[in-house]
Amino acid sequence: RKHLEEKFRQSHKMEAIGLLAGGIAHDFNNLLTAIAGYSELTLRKMEPDNPLRHNINEIKDAGDRASALTSQLLAFSRKQVLNPRVHNLNSVISDIERMLRRIIKESIEFRTILDPNLQNIKADPGQIEQVIMNLAINARDAMPLGGTLVIETQNVTLSEIEAADRLNIGPGSYVKMTVTDNGQGMDEDTINRMFEPFFTTKDSGKGTGLGLSTVYGIVKQSGGDIAVSSELDSGTAFEIYLPGVNRPAQAQKWPESTGVSPNGHETILLVEDEEIVRNLIREILVSSGYTVLEAESGRVALSICETHPDKIDLLVTDVIMPKMSGLELSDRVVKVSPGIKILFMSGYTDDSIDDSRLTEMDRSFIEKPFTPDDLARKIRETLRS
C-alpha cells in the first residue's frame, strides 16, 4: 500500500510539473515564432554588408536554441503534436545504430539484441529516435571510464498485476525496449527526481536536465511507460514499454517538391488569437501577394465568412484558441464556405483536442515556431493539394 501511495504521489507531482511546463512552452512558442519570423524578415531587407546583420543573426540563433528547449518541455508535458505511424522499433534502432556508435566512447562496448519477431508499434519514429539517443547519451555519461551498453527488444504480455506493480499502463501486449549500462548508477533520491525538467546530476554547463524528461514525455504521450532499476556503482536499466499493434508497417511519406514560387494571389482568412503572431503572419502573407482577412477569434472568423462577398480560398488557423478551437472553427467554416482549404498551426496540443486529425494530414499542418519561408511554402502546398 505504501508503495502504491508513493507511486500515486509521484504521478501527480509529474502531472503538475508537466502542466506548468506545457503552459510555459505554449506561450514561449508564440513568442519564438515572432522572434524567428521578424528576424528573418529583417535580414531580407538588410544589405549584405550591413554591420547589424551579425546582431540579427545572433538573435535568430538564440531563438533557434530556445525553440529546441521549448520542444523538449512540450515533450515532457506530453503536449507535442506528434506524427505517429505504424513501424518496427528494430528498424529505428538499426537506422541510428551507426550514429549511436559515433556518440559513445571507444571504451564502451555497444551491443544490440533485437527480437526478429518483434511486434510493430504506432508512434512518431523521430520521437522514438530521440528517446533512444537520449538514453544512450545518459548511459555514456554514466560510464566515464568505459563499460557496456546494451539495447534489447522483445515482445511482452503484461497481466493486470504486472502492469500495476511498476507501471501506469493497462494489461496487454507491449513491445519492450531495455537500455542497460554498467555505469555509476543512481541512488533512490535521484531515481525519484530523474524525470523532472532541469534536474541533473551533471556538472554545471554539461547538461540541461531535459534529456530524461523528454524521454518520459514522449513515451507517455505514445501510450507507454518506463520502469527503471539502478544501484550505485552497479549500473542502470531503463525498460520502455510501448503498446504493440497487429498492423503492417506504414511507409514514410516524404513531401513532394512542388518546384513552384511560394507567392500567390488568393484570399486567405487568418485566425490567430496572439496579436504579435497574427501581425507577423499577415506581413508574410501580404508580402507574398495574398489578400488577407484577419480575425482574433473563431467567432469573428465565422462572421467574416458569412459576410465577405468574394471567395475565401484558404483558412489559416491556430489550433488552440479560447472558446472555439481551430478544429471546431474549421468544421463550421466548411459549412459556410464549401471547398475552402484549411491550414492548421500549432506547437502545442490540448487535452480537449483530438489531434489525430492533425497528425493524419499530409499538407495541412505547420508546427510553431516556423520561418517565413516555411509558412509560404506550406500555404502553396495546401492551396495546390
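Scope of the values below: all heavy atoms of this structure, side chains included, with no hydrogens, waters or symmetry mates. Please read all numbers here as calculations on a predicted model, not as lab measurements.
No more than 12 heavy-atom neighbours from other residues, nucleotides or ligands sit within 6.0 angstrom of CD on E106. Within 6.0 Å of atom CD in E231, 12 or fewer heavy atoms from other residues, nucleotides or ligands are found, so the atom counts as exposed in its surroundings. Counting heavy atoms of neighbouring residues, nucleotides and ligands inside a 6.0 Å radius, atom CZ of R98 does not exceed 12 of them.
Formation of a donor-acceptor pair under 3.5 Å by the N120 side chain with backbone atoms of R247 is found in this model. Between the R53 side chain and the L43 main chain, a donor and an acceptor come within less than 3.5 Å of each other. Remark: side-chain polar atoms of S337 are not paired, donor with acceptor, to backbone N or O of I340 under 3.5 angstrom.
The side chain to side chain donor-acceptor pair (under 3.5 Å) test applied to Y290 returns R380, not counting sequence neighbours.
Between R384 and E381 there is no salt bridge, since no side-chain N of the basic residue sits under 4.0 Å from a carboxylate O of the acidic one. Taking the charged nitrogens against the carboxylate oxygens, E294 and R278 do have a contact shorter than 4.0 Å, which makes a salt bridge. A salt bridge links D373 to R44: one of the charged nitrogens lies within less than 4.0 Å of a carboxylate oxygen. By the 4.0 Å N-to-carboxylate-O rule, D318 lies close enough to K368 to be salt-bridged with it. Ion pairing between a basic and an acidic side chain is recognised when a charged N comes within 4.0 Å of a carboxylate O; K220 and D225 show such pairing. Using a cutoff of 4.0 Å between basic side-chain nitrogens and carboxylate oxygens, R111 and E109 are scored as salt-bridged.
Taking CG from N117 and CD from Q154, the interatomic distance works out to 12.5 Å, rounded to the nearest 0.5 Å. Taken to the nearest 0.5 Å, the CD atom of E296 stands 10.5 Å off from the CG atom of L270. Residue K378 holds its NZ atom at 12.0 Å from CG of L383, rounded to the nearest 0.5 Å.
Side-chain contact, N88 with S91: no donor N or O sits under 3.5 Å from an acceptor N or O. Side-chain contact annotation: T153 with N90, donor-acceptor N/O pair under 3.5 Å present. If you check the side chains of Q184 and D233, you find no donor sitting under 3.5 Å from an acceptor. Under 3.5 Å, the side chains of N279 and R282 contain a donor-acceptor pair of N or O atoms.
Between I240 and V179 there is no side-chain heavy-atom pair separated by less than 4.5 Å. By the 4.5 Å heavy-atom criterion applied to side chains, F110 and E97 are counted as neighbours. Counting only heavy atoms from C-beta outward, the side chains of L149 and I104 approach each other to under 4.5 Å. Looking only at side-chain heavy atoms (C-beta outward), Y241 and L158 come within less than 4.5 Å of each other. With contacts defined as side-chain heavy-atom distances shorter than 4.5 Å, the pair D310/T267 does not qualify. Two residues are said to be in side-chain contact when any heavy atoms from C-beta on lie closer than 4.5 Å; M186 and T236 meet this criterion. Under the 4.5 Å side-chain criterion, counting only non-hydrogen atoms from C-beta, I366 is not in contact with F344. No side-chain heavy atom of I342 sits under 4.5 Å from any side-chain heavy atom of L314.
When the side chains of ILVMFWY residues are joined at heavy-atom separations under 4.5 Å, either directly or via intervening members, V150 and F238 end up in two distinct hydrophobic clusters.
A123 approaches H87 most closely through the heavy-atom pair O-CE1, 3.3 Å.
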Subject >> Test salt bridge (charged side-chain N to carboxylate O under 4.0 Å, His left out) applied to E283 and K45, step by step >> reply: CA-CA 13 Å; E283 186 171 340; K45 297 175 182 178; 3.6 Å; yes

